[in-house]
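Values below: all heavy atoms of this structure, side chains included; hydrogens, waters and symmetry mates excluded. Count residues from 1 along the sequence.
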Amino acid sequence: MKKFDKDRLILGFAGPVLALVVALALTTVVLLASGQNPFEPYRIMFDSASYADVQVLIINQAGTYYLAALAVAVGFRMNLFNIGVDGQYRLAAMMAALVGASVDLPGPLHIALIVIVAMLVGAFWSGIAGFLKTTRGVSEVVSTIMLNSIATALVAWMILPKNFGEQPAGSNNLTTGEIPESGWFPGLPMADGAGEIYGFTFVAAGCGVLYWFALNRTRFGFDLRATGASESAAQASGVDAKKMVLTSMLISGAVAGLAGMPTLLGDTHTYSLDFPTGIGFTGITIALLGRNNPLGIALSALLIAFLDKSSASLDQYGYEKEIATIMQGLIVISVVVSYELVRRYGIRRQQQKVGEELAAGHALTTEKEAAL
């Protein structure tokens, strides 16, 4: 039993490690093909990450990525592909910013209201895809892609000054208005002017613990995993599969709504045209690389955040900072290939072990018969 657990642990790490090695090797080949030093960019990125202010940026970015990846992972565990996390995240952040800027409440209540609004909006938007899937059989991949486009158009319309937005004097930017200081989430100041770690980053870590507990220590988590593994088998055992699909999409959207909170409550305090985009799609990469495991997702979020923030200084040395983007894309491709290779090896290894055990059992039986 111990050996089986050890093999499973090794196979679990083999996929991500192989993917990273392959992505690193392919990136090096790309650099060589372009006539550039294949190792210098890595040194520059690691040197950049040694500064405290860059480390703070990496941690803060990882917190946002972590929440987006958790939202994707909830769907993955149900065998659902929620591609709409980006739209859910942006629409939720904007609505939360609008509500937060329009009220003035005591600190804890103000923050709680903003967070609740973000979760409800995210859940509502993803719930549309869940409703369409359970009632009309519409693929969540198709519906969430379409909802992303609708969310983009809706945000662009709502932020116009003639609707709900504002245009600061002397600026071409559009915002939802600034949230009063009572709605700011306090952070953790770092020494030597390195900035502060968003307070909501610690909430993100708590969400990871809650995700692990709910999936592995509750009846709901068992039903969710069972439905994801085989919807028909789960339904035969008394689980309402359609209800689980809708519930999973609602939870996924609610977590996606939280993904904008570290930046909104800890930095910008408003939603504007400069608000980060593409977070949801990066979350897909991180969830895949982390294999839907909260610890694996955390490490993957730190890795992708490191590539994002440490690559900003590359152009100062004559290298394109898009090198990090290339590496992220190669990681996605490598993840798919490496996980399939590891899965096939795991199956062969399991078959080999079963054969060895059967052979050992047959030999023992033969010995006993000979002794008799």
Side-chain angles (χ1 to χ4, degrees), residues 1-17 19 62-82 85 88 119 122-123 126-127 130 140 200-259 280 283-304 335 338-339 342-343 346-347 349-350:
M1 187 68 175
K2 288 183 179 180
K3 191 172 187 302
F4 173 76
D5 290 339
K6 179 181 176 182
D7 288 348
R8 186 170 58 179
L9 182 64
I10 293 174
L11 289 174
F13 278 103
V17 171
T64 298
Y65 285 162
Y66 189 64
L67 287 168
L70 284 180
V72 175
V74 170
F76 278 166
R77 296 306 296 263
M78 259 292 297
N79 206 21
L80 297 171
F81 202 2
N82 183 8
V85 167
Q88 296 151 21
M119 294 180 69
S126 65
E140 75 280 359
F200 214 85
T201 299
F202 300 100
V203 176
C207 289
V209 175
L210 185 62
Y211 166 84
W212 174 86
F213 180 82
L215 249 68
N216 297 283
R217 292 293 184 269
T218 66
R219 173 61 186 270
F220 168 78
F222 175 80
D223 290 346
L224 186 146
R225 288 182 285 113
T227 307
S230 175
E231 185 173 322
S232 58
Q235 198 158 2
S237 64
V239 178
D240 189 337
K242 289 187 176 181
K243 180 181 178 181
M244 292 303 301
V245 168
L246 181 58
T247 303
S248 297
M249 289 299 293
L250 289 172
I251 294 175
S252 179
V255 179
L258 291 178
I284 296 174
T285 301
I286 294 170
L288 286 171
L289 184 59
R291 305 199 72 169
N292 303 322
N293 180 283
L295 180 58
I297 292 173
L299 295 175
S300 302
L302 285 170
L303 171 65
I304 300 300
V335 160
S338 64
Y339 283 4
V342 170
R343 185 187 71 83
I347 292 174
R349 176 61 179 157
Q350 190 173 13

### Message
Please report the interatomic distance CG(Leu258) to CD(Gln88), rounded to the nearest 0.5 Å.
### Response
12.0 Å
### Task
Please assess Phe76 against Arg291 for the test side chain to side chain contact (heavy atoms under 4.5 Å, CB included), listing each intermediate value before the final yes or no.
CA-CA 9 Å; Phe76 278 166; Arg291 305 199 72 169; over 6 Å; no
### Task
Looking only at non-hydrogen atoms, find the nearest pair between Val255 and Ala71 and report the distance.
CG1-N, 3.7 Å
### Donor-acceptor pair, side chain of Tyr66 and main chain of Cys207, under 3.5 angstrom
no
### Query
In Å, rounded to the nearest 0.5 Å, how long is the span from CG of Leu67 to OG1 of Thr201?
8.5 Å
### Summary
In terms of heavy-atom contacts, Ala287 and Ala73 come closest through CB-N, 4.3 Å
#### Entry: Any donor-acceptor N/O pair, Arg225 side chain to Leu215 backbone, under 3.5 Å
yes
### Query
Do you know the tightest heavy-atom contact between Tyr211 and Pro294?
CE2-CD, 3.7 Å
### Message
Please find the pair of heavy atoms, one from Ala301 and one from Ile286, that lie closest to each other, and give the distance.
### Response
N-CG2, 3.7 Å
### Task
Enter the distance from Asn293:CG to Asn216:CG here, rounded to the nearest 0.5 Å.
8.5 Å
### Message
Within a 6.0 Å radius of atom CZ on Phe222, are there more than 12 heavy atoms belonging to other residues, nucleotides or ligands?
### Response
no
### Message
Any heavy-atom pair between the side chains of Leu224 and Phe220 that's under 4.5 Å?
### Response
yes
### Task
Please confirm whether the backbone N or O of Ala234 pairs with a side-chain atom of Thr227, one donor and one acceptor, at under 3.5 Å?
no
### Query
Distance from Ile304 atom CD1 to Leu299 atom CG, nearest 0.5 Å?
12.0 Å
### Message
When you measure from the side chain of Glu140 to the backbone of Phe81, do you find a donor-acceptor pair of N or O atoms at a distance under 3.5 Å?
### Response
yes
### Message
Restricting to non-hydrogen atoms, name the atom on Leu70 and the atom on Ala204 that form the minimum distance, rounded to 0.1 Å.
### Response
CD1-O, 4.4 Å
### Query
Got Leu289 and Leu303 here, is their nearest side-chain heavy-atom distance under 4.5 Å?
yes
### Query
Can you tell if the side chain of Ile284 reaches within under 4.5 Å of the side chain of Val85, non-hydrogen atoms only?
no
### Task
Just grab all the side-chain hydrogen bond (donor to acceptor under 3.5 Å, both in side chains) pairs involving residues 240-257, residues at least two apart or on different chains.
Asn82-Ser252
### Spacing of Met78 atom CE and Asp223 atom CG [to the nearest 0.5 Å]
10.0 Å
### Task
For Tyr65 and Ala259, indicate whether the former's side chain and the latter's backbone hold a donor-acceptor pair under 3.5 Å.
no
